[in-house]
There are 2 protein chains.
Amino acid sequence: MSAVEFAHIEEAAARLAGHAVRTPLIESPALNDRLGLRVLIKPESLQRVGAFKFRGAYNRLVQLSPAERKRGVVAFSSGNHAQGVALAANLLGMPALIVMPSDAPAVKVEATRGYGAEIKLYDRLTESREAIAAAIAAERGSTVVPAFDDPHIIAGQGTVGLELFHQSQALGATLDLLIAPVGGGGLMAGTSLAIKTLSPGTAAVGVEPKGFDDTLASLKAGSRQVFKPTTRSLCDALESPAPGELTFPILQKTLADIAVVDDAEVAEAMRYAFSTLKLVLEPGGSVGLAALLAGKIAQAKAGATVGLVLSGANVDPDQFARVLRREL
Amino acid sequence: MSAVEFAHIEEAAARLAGHAVRTPLIESPALNDRLGLRVLIKPESLQRVGAFKFRGAYNRLVQLSPAERKRGVVAFSSGNHAQGVALAANLLGMPALIVMPSDAPAVKVEATRGYGAEIKLYDRLTESREAIAAAIAAERGSTVVPAFDDPHIIAGQGTVGLELFHQSQALGATLDLLIAPVGGGGLMAGTSLAIKTLSPGTAAVGVEPKGFDDTLASLKAGSRQVFKPTTRSLCDALESPAPGELTFPILQKTLADIAVVDDAEVAEAMRYAFSTLKLVLEPGGSVGLAALLAGKIAQAKAGATVGLVLSGANVDPDQFARVLRREL
């Protein structure tokens, strides 16, 4: 399987039933009033490991053979994919080694270790995580689990879209718009594929952080553009240099647009989520909200019904405190 | 109407439909694993105004006559009831004046003003809020809206229990235990009345903060005990000196027990909610979680299914930051 089809997302949903949290669809009258929209919020921050990443990881790992399970899995990730793979491996009784940058948020490193994974730290500036992971995998015979460029991972993340559609439908709502973050594009590829299959009239708009709008550049160019990032973003989870080889063709078909938000807008969205939505969000998890609050989604016409994916909440307490105190 | 009956809660639910948020029932596998329980969380932190108080306030105000609406409402509250009354009055187009202590959390004062209410601050140590509210109500002909000792308020809060029961039932779960905070007892009286009517086998356990365990003392004495508080609690929302005249007889019938938690346990629960549940909670909103995490609920036997009400999330950003940094 290389191309991802809608049926694979439905199969993933069946595999995840009883293992992943079916996150609720929530609505804030205060947010609706402020934006003049009906925003149906899908808080994947409430997913196991605090991010949607558990879905794809579990869907990938549960399909490994007994022999493969025994030899374990290797992944590289700055945090949320690391935790998703670590927990899924733990639940399925297989060893996991995660290659993480030495400057990853402490909360993500600790949580990954807490799920029983072995951690190997590397220097983001001088070492190649792909090379480290490949070497370890070769030595141990382990399976490398990509963060997004894998059909099972994409199908797993697509269950967010499947649930969002069915939960909206149960409210009698039709989504005019789908908004979700874009890093490597796994979440958005799977989710937009699910939503556009079930509701072709829904426009899908991705959101990237400033300096990491590689998918926007790729869509404009009509081919994958690889960035050489020169800055950091508050959104550690979305610092991907390029869309994936599998995710990009899907995004080309499904996306209407990409909005770009800066760190100040992201911090403002985190404060709004704290004070009004009462949800903890990490920077990368709040970019869709940030784009809406900053008026950066041209497709969000007055009265529109919007499905908004808030993708994660793994933020260091100290960083969160600094955001609350406007020190960031 | 003076006694509260189950039918009044169902009537309140009909009045609140489309106005209050039907908060989701959420579940955290991490919390379940840690406690060895199945905890079905009812996050009223996600309710309008960030606390369950909107339910009772709306149910009370919507029943006022056109003439009464014109003369407006007066309430006294340190914060969440203030916001509930202010928003309900705003939605129903009537003036509201709220008497608030001058040391109420700034976030609660600002939010109350933001809903369009007039605010009158008083000194908690030297002035009587009841006298101030009564004088204003007499002068303007306004209706005083009590925070908990009112049958319509109790019935409105009871819709939390109604939803909790039906949402649990939809999961095929039977509640062995109901846990909710107790201040004046409005939330617990309404909620336990609803749950015990629908599921007589469910044990209801309240939680009070240390120094304000007036309901526990009253239950032991068999009559309402009025405390003269000598300290403050982190749980500003639960600093009531006595159970209500209407709430106490209900609590006498419905409660199996009351647990008491201290500030350190509450702060720990707020950090757990932040880091694991990814929910913002105010101190008073987290006492049930605090009691569970601290092992203070004797009725929470291994494997039990627990309905846990997290009642509010209106906490100053600076206070929240101090809790995260363990400065509190």
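The basis for the numbers below is simple: all heavy atoms, side chains too, and nothing from hydrogens, waters or symmetry mates. Sequence lines set the chain letters: A, B, ... in the order given, protein chains first and strands last, and positions in each chain run from 1.
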Peer 1: How long is the straight-line distance from CZ of A/Arg325 back to CG of B/Leu324, given to the nearest 0.5 Å?
Peer 2: 9.0 Å
Peer 1: I'd like to know whether B/Val280 forms a side chain to side chain contact (heavy atoms under 4.5 Å, CB included) with A/Val280, so could you lay out the CA-CA distance, the side-chain angles of the two residues, the decisive distance to 0.1 Å, and finally the verdict.
Peer 2: CA-CA 6 Å; B/Val280 178; A/Val280 177; 4.0 Å; yes
Peer 1: Quick check on the structure: residues of residues 39-47 of chain B within a heavy-atom distance below 4.5 Å of chain A, by number.
Peer 2: B/Ser45, B/Leu46
Peer 1: Looking only at heavy atoms and a cut-off of under 4.5 Å, which of B/Ala30, B/Pro29, B/Pro24 has the most pairs with chain A?
Peer 2: B/Pro29
Peer 1: Sort out for me which of A/Leu281, A/Val107, A/Asn314, A/Val49 touches chain B most, counting heavy-atom pairs under 4.5 Å.
Peer 2: A/Asn314
Peer 1: Is chain A contacted by the side chain of B/Val315, its backbone, both, or neither, given a heavy-atom distance below 4.5 Å?
Peer 2: both
Peer 1: When only heavy atoms count and the cut-off is under 4.5 Å, which of residues 268-279 of chain B reach chain A?
Peer 2: B/Phe274, B/Leu277, B/Lys278, B/Leu279
Peer 1: Among B/Ser28, B/Ala111, B/Ala313, which residue forms the greatest number of heavy-atom pairs with chain A at distances under 4.5 Å?
Peer 2: B/Ala313
Peer 1: Check whether any side-chain heavy atom of A/Glu27 lies under 4.5 Å from a side-chain heavy atom of B/Arg22, and answer yes or no.
Peer 2: no
Peer 1: With only heavy atoms counted, which part of A/Glu327 is less than 4.5 Å from chain B, the side chain, the backbone, both or neither?
Peer 2: side chain
